[in-house]
Peer 1: 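Dropping the structure in here first, questions after.
Below, chain A is the first sequence line, B the second, and so on; all start at residue 1. Atom set for the values below is all heavy atoms of this structure, side chains included, hydrogens, waters and symmetry mates excluded.
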Protein chains: 2
Amino acid sequence: MATQTAERATTRNTIQRALVLEAVRSLHNHPTSADVYEVVREKHPNISRATVYRNLGVLANRGEVLRVEVPNGADRYDFLNRPHYHAKCRVCGGVFDVDMPYQSDILAKVSDAHGFAIEEHEIIFNGVCSECRKAEGR
Amino acid sequence: MATQTAERATTRNTIQRALVLEAVRSLHNHPTSADVYEVVREKHPNISRATVYRNLGVLANRGEVLRVEVPNGADRYDFLNRPHYHAKCRVCGGVFDVDMPYQSDILAKVSDAHGFAIEEHEIIFNGVCSECRKAEGR
DNA sequence: ATACATGCAAACACTTTGCAGCACA
DNA sequence: TGTGCTGCAAAGTGTTTGCATGTAT
């Protein structure tokens, strides 16, 4: 009887998982799974992409990394915990943090969500990053 | 000389392009390219997916339809012209309009975009739609 | 007539999955 | 010592592209 609700059946600390977490922590520019894969491979050459994907998923579910879903592009991951917003460069595809206070009152501005239960929100700014502006010549 | 700057080299009215536009206009729930493809195929059975994609692109560039890029999901298209925001159901993947005034002052809240030239923004609410809430039992 | 557009199939980018064997707790 | 995890390969989505042919202008 009452043997603890069998929550979270996933808790094994493999080398691969540790390396994936370490890689996300060390990469500060919103690495894609491919970026993480490359970094981990330096120390553990025969890790598979599948394992990287699976572990990024596990870590994201646990809240140890943040998954940033980017329209038309690979998912990005980062280690920042507080919610923040992103900007995506339409030239190079890069993703950058934007300094803007978290819009905690934004829900109040929704006049009608048609019965939709909003759990979180995301704001993405589209434009051109400073590097690409220089390169493009304005 | 001076023969008009050769802008937009693409302006041919094919049946396929007209049908694609008509399909987007007739579908009111943010159709994906696949939805559009299915509808067009009823009238023009051997249109190819490539043509649908190409025409959705052309129409979006011309501003005749609005492309809604959804993270982790196919692009959606709609015919509404005024800017508005969207909600994405994490259960069924559906995309819905949200009634919220356009946040024209949002740029002023960005304290530092790090040289990024912001051209537009998008807000996506994530959660569960009313249909799926019923189905899920709460 | 001629260039843009189409249709087909193959290629592409990103991610997930089935399965046999392995290793952490 | 069992089951969660790994590696591999194959499959799955969604979209783009090369090329020969077709067609709107």
Peer 1: Nearest whole Å is fine: how far is dT16(D) P from Asn72(A) CG?
Peer 2: 8 Å
Peer 1: Find the distance between CZ (Phe125(A)) and CG (Leu107(B)) and round it off to the nearest 0.5 Å.
Peer 2: 6.0 Å
Peer 1: Identify which nucleotide among dC24(C), dG22(D), dG7(D) has an atom closest to any side-chain atom of Arg12(B), counting heavy atoms from C-beta outward.
Peer 2: dG22(D)
Peer 1: Pick base, sugar-phosphate or nothing for Ala50(B), based on heavy-atom distances below 4.0 Å to the nucleic acid.
Peer 2: base
Peer 1: State which of dA5(C), dG7(C), dG14(D) makes the closest approach to the side chain of Thr14(B).
Peer 2: dA5(C)
Peer 1: On DNA chain D, compare the nucleotides closest to Arg54(A) and Tyr53(B); which residue's is nearer the 5' end?
Peer 2: Arg54(A)
Peer 1: Distance check needed: dG7(C) C1' versus Arg49(B) CZ, whole Å only.
Peer 2: 13 Å
Peer 1: Once you round it to whole Å, what is the distance between P of dC8(C) and CD of Gln16(B)?
Peer 2: 11 Å
Peer 1: Using a cut-off of less than 4.0 Å, is there contact between a side-chain N or O of Thr51(B) and OP1 or OP2 of dG7(C)?
Peer 2: yes
Peer 1: Is Ser33(A) touching bases, backbone alone, or none of the nucleic acid, heavy atoms closer than 4.0 Å?
Peer 2: sugar-phosphate
Peer 1: Provide, to the nearest angstrom, the distance between the NE2 atom belonging to His44(B) and the C1' atom belonging to dC8(C).
Peer 2: 14 Å
Peer 1: Keeping the roles fixed (side chain from His30(A), backbone from Leu27(A)), state whether a donor-acceptor pair exists under 3.5 Å.
Peer 2: no
Peer 1: Rounded to whole angstroms, how far apart are CD1 on Ile15(A) and C1' on dC5(D)?
Peer 2: 11 Å
Peer 1: Please compare Gly73(B) and Asn13(B) by the position of their nearest nucleotide in DNA chain D and report the one closer to 5'.
Peer 2: Gly73(B)
Peer 1: Does any N or O donor sit under 3.5 Å from an N or O acceptor when you compare the side chain of Arg17(B) with the base of dA5(C)?
Peer 2: no
Peer 1: Is there a donor-acceptor pair closer than 3.5 Å between any side-chain N or O of Asn61(B) and the backbone N or O of Val58(B)?
Peer 2: no
Peer 1: Heavy atoms under 4.0 Å, any strand shown: does Asn55(B) hit a base, just sugar-phosphate, or nothing?
Peer 2: sugar-phosphate
Peer 1: Hey, does Asn46(B) reach any base, or is it just sugar-phosphate, or nothing, if we go heavy atoms under 4.0 Å?
Peer 2: sugar-phosphate
Peer 1: What orientation do Tyr102(A) and Tyr85(A) show, parallel under 30°, tilted 30 to 60°, or perpendicular over 60°?
Peer 2: parallel
Peer 1: Tell me the interatomic distance from Arg76(A), atom CZ, to dT15(C), atom C1', rounded to whole angstroms.
Peer 2: 16 Å
Peer 1: With distance as the sole test, does Ser111(A) use its side chain to make a donor-acceptor pair with the main-chain N or O of Asp99(B) at under 3.5 Å?
Peer 2: yes
Peer 1: Between P on dT13(D) and CG on Asp75(A), what's the gap in Å once rounded to a whole number?
Peer 2: 17 Å
Peer 1: Starting at atom CD of Glu38(A), determine the distance to atom P of dC14(C), rounded to an integer number of angstrom.
Peer 2: 12 Å
